[in-house]
A.B. asks: 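Quick one: the structure is below, questions incoming.
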Number of protein chains: 2
Amino acid sequence: MNTGTKQPTINDVAAMAGVSKRTVSRVINASDKVNQATRARVLEVIDQLDFTPNRQARGLAARRSYLIGLVYDIPTLFISDVQRGVLNVCEDTGYELVVHACHTDSKEAITNIVKFVTRARVDGLIICSPVSEIDGLEPALKKAGCAYIRFTSTLGSGPRKRVVTDYLPAISDMTRHLVEFGHRDFGFISGPRGNISARKRHESFVRALAEYDLELPKNMIVEGAFTFDSGVAASRKLLSRNPQPTAIFAANDEMAFGVMNVAAEKGIKIPEELSVVGFDGTPFATFVVPSLSTIIRKTDEMSRLATLKLLALINEGTDALLKFETLVSPQFIPRQSTGPVPAKKGS
Amino acid sequence: MNTGTKQPTINDVAAMAGVSKRTVSRVINASDKVNQATRARVLEVIDQLDFTPNRQARGLAARRSYLIGLVYDIPTLFISDVQRGVLNVCEDTGYELVVHACHTDSKEAITNIVKFVTRARVDGLIICSPVSEIDGLEPALKKAGCAYIRFTSTLGSGPRKRVVTDYLPAISDMTRHLVEFGHRDFGFISGPRGNISARKRHESFVRALAEYDLELPKNMIVEGAFTFDSGVAASRKLLSRNPQPTAIFAANDEMAFGVMNVAAEKGIKIPEELSVVGFDGTPFATFVVPSLSTIIRKTDEMSRLATLKLLALINEGTDALLKFETLVSPQFIPRQSTGPVPAKKGS
DNA sequence: CTGAAAGCGCTAACAC
DNA sequence: GTGTTAGCGCTTTCAG
């Protein structure tokens, strides 16, 4: 069922061009040790025959697969976007993208990923958060001899096999925006405690508030699970506090939608009585009424960078990583869900 | 950078088990012509050595790749879900999933897909709509000798290389729901004219209305583009008609969100003054206020079915397709955005 | 039921 | 610059 009319091979090309396989191989692999004229002739024959080198044979001989893997946990719009970015680079470079979903929390997560790597024989891996934060994953991958680039929010030293999202600048902007609107009583809905990105968002928010000598009281922090329902539950708690927060920052958009939902149910007007901010910049943030102020991530830049780094790592080795940026900064986008602090009750 | 400690090969296994490669090969490929005892011994050695057959070598010799491809246009949550479903089946069957995004409207769409197939050497393809509806794609794929299963909304005869979504039942349910609520004046926001799925939704709605001797006047139909903005634009038009529609059906959720947005802006209350229905069952439909009545698609069932069909087609040939279902029906889910028709103005 | 030998289509030393 | 010669790790005739 695979190849209808048999595809031409490197031998056909060699014969037709009157050169040896080796020369054709050199042309395919863009070696510079080929005479201009010879190269031209070979290329012409390749084109004429519509020859596509067999990736399996190539890989078998060269101990590569020309495949890269994308590993993620839950598929989200963010992941879709990353996938698209990676795919764009792949297309330009002759790599194919193999995808793999896995459960970060599973005890066998590492085994599972290593198995994927050996089964699929990918040349390298791009690992999305939170899978990328699994303890012990890096050594396991190193042991398996697999190149990888991780998305993370922790800046580290050493070989730069990572693309780091620095949350602080955007969260600072967001905080200033709210403080300038007069807000002093903030509520925060965090992501799951185990999630490093979530913790980083939390930390960044605390640091940003500290710039204004503001604190985030313990009872104004509720742990969520990055889901809508957890956002609903958390905001119910926050809105029952006294004093009530005048602004709530949710660690992702989905939970922010939960806040908006509860507010609607309680008749609390956004932004007149409550400001809400999300995180992620899902398209839906612009669809809701009022539109959600949020922090958007630059998925295209992130994924492009990660892929280029990975390919450089595969083809040129660790040193090549130094040529690249490591940091990516999201951006705060104020929309309709944030506004001036309401006048004090009873005043 | 690929294989750290050299991986064991079939030769190692053969030597260690004291049999020939051929026998190991038979065991790997689950041939029944192997003695129980021999098989057991081989399996034990395989386990002991942690041997994973090299997919490239296997593929090269057997003229297969053990790769299947997923082709789509725009990445959406629907596509993510499909991808997950496909991946689940792949994992159980030793196939890997290679993804490919392409532009349906491009003149080179077919060439692009055929190139992908020959480059990646996938054993088969799962093609999402609207890519799956491209004219001439099927013959091109047949010519390239590539197995495929398409998602489509058109039931056809011949070999069943498709998984068909039949919109009518769910749209009928939705229509009944609205008619029973007293609605008679309907607005419809279609998908792009060129999109067959979109046309099918339109047709189904017209047929469903006909059951109640209702018609969809021309000025109550506005073409959208499956985007939020197009939903906004379309609903502005519809809501300026006289008489105004009391219920609007949008051919996807995103456009329905556009309707809700315009309604909010105009102070039109949903569902008291206007009922809104979407199509797709995105999670966000439950996040908005009021929650959106919509028609959900059974992505898991669809993608599972498509993948099983594809694998059967690859491994057993066309006849095997007959063992499978072809039809999948979405389901109408009433939520808060639909309600009784408002009392006539001025009455 | 099992084995020996011949490739699958390509790359990689090593000559020339 | 280019050709020759071995394989990469597996499946597949064809014998036995």
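Each chain gets a letter, A, B and so on, in the order its sequence line appears, and its residues count up from 1.
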A.B. asks: Evaluate the ring planes of B/Phe116 and B/His100, with Trp represented by its six-membered ring, and classify them as parallel (under 30°), tilted (30 to 60°) or perpendicular (over 60°).
C.D. replies: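 Aromatic pair B/Phe116/B/His100 classed parallel.
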A.B. asks: When all nucleic acid strands are considered with a 4.0 Å heavy-atom cut-off, which category describes B/Val24: base, sugar-phosphate, or nothing?
C.D. replies: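 No contact.
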A.B. asks: Give a yes/no answer on whether the side chain of A/Thr23 brings an N or O atom under 4.0 Å of OP1 or OP2 in D/dG1.
C.D. replies: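 For D/dG1, neither OP1 nor OP2 has a side-chain N or O of A/Thr23 closer than 4.0 Å.
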A.B. asks: For the side chain of A/Arg22, counting heavy atoms from C-beta on, which of C/dT11, D/dT4, C/dG3 is nearest?
C.D. replies: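 Side chain of A/Arg22 sits closest to D/dT4.
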A.B. asks: A/Arg119 CZ to D/dG9 P: how many Å, rounded?
C.D. replies: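 Value for this atom pair: 20 Å.
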A.B. asks: Which whole-number value in Å describes the distance from A/Arg64 CZ to C/dT11 C1'?
C.D. replies: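 These atoms are roughly 11 Å apart.
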A.B. asks: In whole Å, what is the span from the CD1 atom of A/Ile28 to the P atom of C/dC10?
C.D. replies: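 From A/Ile28 CD1 to C/dC10 P: 6 Å.
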A.B. asks: Within the 4.5 Å heavy-atom criterion, are B/Ile79 and A/Ser80 side-chain neighbours or not?
C.D. replies: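 B/Ile79 vs A/Ser80: side chains apart.
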A.B. asks: If you check the A/Leu60 side chain, which of C/dC10, D/dC8, D/dG3 turns out closest?
C.D. replies: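 Closest of the options to the side chain of A/Leu60: D/dC8.
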A.B. asks: Just the rounded figure in Å: distance from P of D/dT11 to CG of B/Asp123.
C.D. replies: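 Distance check: B/Asp123 CG to D/dT11 P gives 14 Å.
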A.B. asks: Taking only N and O in the side chain of B/Asn11, is any of them less than 4.0 Å away from OP1 or OP2 of D/dC10?
C.D. replies: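 No, outside the criterion.
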A.B. asks: Of the candidate nucleotides C/dC10, D/dT2, D/dG9, which contains the atom at the shortest distance from the side chain of A/Pro53?
C.D. replies: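 For the A/Pro53 side chain, the nearest candidate turns out to be C/dC10.
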A.B. asks: Of the candidate nucleotides D/dT11, D/dG3, D/dG1, which contains the atom at the shortest distance from the side chain of A/Asn35?
C.D. replies: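 Ranking D/dT11, D/dG3, D/dG1 by closest atom to the A/Asn35 side chain puts D/dG1 first.
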A.B. asks: Tell me: NZ of A/Lys21 to P of C/dG9, nearest whole Å?
C.D. replies: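 Nearest whole value for this atom pair: 10 Å.
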A.B. asks: Taking atom types as modelled, is there a side-chain donor on A/Lys115 or B/Thr52 under 3.5 Å from an acceptor on the other?
C.D. replies: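 There is no such pair between these side chains.
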A.B. asks: Cut-off 3.5 Å, side chains only: do A/Asn315 and A/Arg64 have a donor facing an acceptor?
C.D. replies: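 Yes, because at least one side-chain N or O of A/Asn315 sits under 3.5 Å from a partner of the opposite role on A/Arg64.
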A.B. asks: Looking at C/dG7, D/dA6, D/dT12, which one has an atom nearest to any side-chain atom of B/Ala62?
C.D. replies: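 Looking only at side-chain atoms, B/Ala62 lies closest to D/dT12.
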A.B. asks: Tell me: CD1 of A/Ile46 to C1' of C/dC10, nearest whole Å?
C.D. replies: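 In whole Å, C/dC10 C1' and A/Ile46 CD1 are 13 Å from each other.
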A.B. asks: If you check every side-chain atom of A/Val34, which of C/dT11, D/dT11, D/dT2 has the closest atom?
C.D. replies: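 Given the options C/dT11, D/dT11, D/dT2, the side chain of A/Val34 is closest to D/dT2.
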A.B. asks: B/Arg26 has an atom CZ; how far is it from atom C1' of D/dT12, in whole Å?
C.D. replies: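 Rounding to the nearest Å, CZ of B/Arg26 and C1' of D/dT12 are 9 Å apart.
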A.B. asks: Under 4.0 Å between a side-chain N/O of A/Ser25 and OP1 or OP2 of C/dC10, yes or no?
C.D. replies: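 No, A/Ser25 has no side-chain N/O under 4.0 Å of OP1/OP2 on C/dC10.
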A.B. asks: More 5' along DNA chain D: B/Phe51 or A/Gln36, using each one's nearest nucleotide?
C.D. replies: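 That would be A/Gln36.
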A.B. asks: What's the spacing between B/His103 NE2 and B/Asn112 CG if we round to 0.5 Å?
C.D. replies: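 Taking NE2 in B/His103 and CG in B/Asn112, the distance rounds to 8.0 Å.
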A.B. asks: Look at the side chain of B/Thr9 and decide which nucleotide, out of D/dC14, D/dG9, C/dT11, has an atom nearest to it.
C.D. replies: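 Of the candidates, D/dG9 comes closest.
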A.B. asks: How long is the straight-line distance from OG1 of A/Thr76 back to CG of A/Asp81, given to the nearest 0.5 Å?
C.D. replies: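 So the gap between those two atoms works out to 8.5 Å.
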A.B. asks: Please state how far atom CD1 in A/Ile10 lies from atom C1' in D/dG3, giving the value in whole angstrom units.
C.D. replies: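 Interatomic distance, CD1 of A/Ile10 to C1' of D/dG3: 13 Å.
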A.B. asks: Please check the phosphate of C/dT11 (OP1 and OP2 only) for any side-chain N or O of A/Asn29 closer than 4.0 Å.
C.D. replies: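 Indeed, a polar side-chain atom of A/Asn29 lies that close.
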A.B. asks: Quick check on C/dT11: is either OP1 or OP2 less than 4.0 Å from any side-chain nitrogen or oxygen of A/Arg58?
C.D. replies: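 For A/Arg58, the contact criterion (side-chain N or O under 4.0 Å from OP1 or OP2 of C/dT11) is met.
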A.B. asks: Let's see if you can work this out: which of C/dT11, D/dT4, C/dG3 has an atom nearest to the side-chain heavy atoms of B/Ser20?
C.D. replies: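 Nearest to the side-chain atoms of B/Ser20, counting from C-beta on, is C/dG3.
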